[in-house]
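Treat the numbers as computed from the prediction; the structure is a model and nothing was measured. So that the names make sense, note that chain A is the first sequence line, chain B the second, and so on, each numbered from 1. FYI, side chains are in, hydrogens and waters are out, and symmetry mates aren't considered; it's all heavy atoms of this structure.
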Amino acid sequence: LAKTTQPISMDSYEGQEVNITCSHNNIATNDYITWYQQFPSQGPRFIIQGYKTKVTNEVASLFIPADRKSSTLSLPRVSLSDTAVYYCLVVGREAKLIFGTGTRLQVFP
Amino acid sequence: NAGVMQNPRHLVRRRGQEARLRCSPMKGHSHVYWYRQLPEEGLKFMVYLQKENIIDESGMPKERFSAEFPKEGPSILRIQQVVRGDSAAYFCASSPQNSGTGAYNEQFFGPGTRLTVL
């Protein structure tokens, strides 16, 4: 499975846009890029998934360049409740998910 | 539609005792996954099961750990003769199916069981 690299932590203020970039240089043709969010003392929650270009849902946008070696999760106008750990995963044919240490996002008032 | 249920939420055991963690997947889901999370770390895959079958147990320690997903009832993760190093949060996830084509089926996670070994 491709290894992902993402910043350990990020700080932001309410109302700002937050972009978290993830590197996955060894991504395979059949792999998808998936992001999960985890609040303290809770299980992870699926945010968004994409294969290439741009994907948007009610929570976030995911930008994937043509070479697919990186991706950027964009959270528009964050609020205090967006404080969490965000995991970037590359998912292929195997069912299991490989989590890294994630990016700890702290949103300040 | 209830989410993934795990019980107990908190479990305290003394060294040498057995721990049994239960997971009821979402309705209609036939795939169950177990993960372990140590403090300040990401989740580590342990085992993937379908009804009555273990599909992938590559993340399970070779000794003391076992998992099952019977035809009826919840999935059980069993840890025998617990040691302090087993203290962690154990998460269960479920999905409706694994397409096997590379398209990903979202995994829905439960709230976890926090195991403390004294």
Side-chain angles (χ1 to χ4, degrees), chain A residues 1-9 20 22 24 27-52 55 57-60 62 64 68 71 84-106, chain B residues 3-6 9-10 21 23 25-26 29-50 53-60 67 69 88-114 116:
Chain A
L1 290 173
K3 180 178 179 181
T4 59
T5 303
Q6 52 184 122
I8 293 174
S9 64
I20 305 175
C22 177
H24 26 80
I27 191 169
T29 303
N30 294 323
D31 290 342
Y32 282 69
I33 298 146
T34 307
W35 286 78
Y36 276 79
Q37 174 192 55
Q38 186 179 25
F39 297 113
S41 301
Q42 294 187 26
R45 182 176 72 106
F46 173 89
I47 301 176
I48 197 166
Q49 178 194 200
Y51 184 81
K52 60 181 179 181
V55 179
N57 61 22
E58 64 278 5
V59 176
L62 179 59
I64 306 167
R68 305 200 328 123
S71 59
V85 179
Y86 292 82
Y87 295 99
C88 167
L89 296 88
V90 171
V91 185
R93 294 183 180 276
E94 286 188 289
K96 62 186 178 185
L97 300 179
I98 305 298
F99 288 84
T101 52
T103 297
R104 191 172 300 273
L105 173 66
Q106 179 69 54
Chain B
V4 177
M5 310 280 282
Q6 289 189 249
R9 294 294 309 276
H10 300 273
L21 288 62
C23 168
M26 288 182 68
H29 288 192
S30 57
H31 297 240
V32 166
Y33 315 80
W34 285 93
Y35 296 83
R36 176 166 62 177
Q37 185 173 35
L38 297 173
E40 305 303 317
E41 294 186 12
L43 285 74
K44 304 297 183 189
F45 169 79
M46 299 181 74
V47 64
Y48 162 37
L49 310 102
Q50 294 179 27
N53 287 305
I54 296 175
I55 307 302
D56 181 355
E57 56 181 348
S58 59
M60 286 278 274
F69 188 17
Y90 291 82
F91 291 96
C92 167
S94 72
S95 68
Q97 64 182 26
N98 182 28
S99 67
T101 63
Y104 168 65
N105 281 292
E106 176 186 346
Q107 292 185 18
F108 295 82
F109 283 80
T113 293
R114 275 145 191 86
T116 301

Could you tell me which portion of Gln37(B) (side chain, backbone, both or neither) has an atom closer than 4.5 angstrom to a non-hydrogen atom of chain A?
side chain
Give a yes or no answer on whether the side chain of Thr4(A) reaches the backbone of Cys88(A) with a donor-acceptor pair at less than 3.5 Å.
yes
Note, Tyr48(B) side chain near His31(B) side chain (heavy atom, < 4.5 Å)
yes
Most contact-rich option vs chain B, by heavy-atom pairs under 4.5 angstrom, among Arg104(A), Gln38(A), Arg45(A), is Gln38(A)
Roughly how far, to the nearest 0.5 Å, is the CZ atom of Phe91(B) from the CE atom of Met46(B)?
13.0 Å
Rounded distance [0.5 Å steps], CG in Leu21(B) versus CZ in Arg36(B)
11.0 Å
Could you tell me whether the side chain of Asn53(B) and the main chain of Gln50(B) form a donor-acceptor pair under 3.5 Å?
no
The interface call for Phe108(B) against chain A, heavy-atom contacts under 4.5 Å, is neither
At a heavy-atom distance under 4.5 Å, which candidate from Ser58(B), Cys92(B), Gly42(B), Gly110(B) has the highest pair count against chain A?
Gly42(B)
Where on Ser41(A) is there a heavy atom nearer than 4.5 Å to chain B: the side chain, the backbone, both, or neither?
both
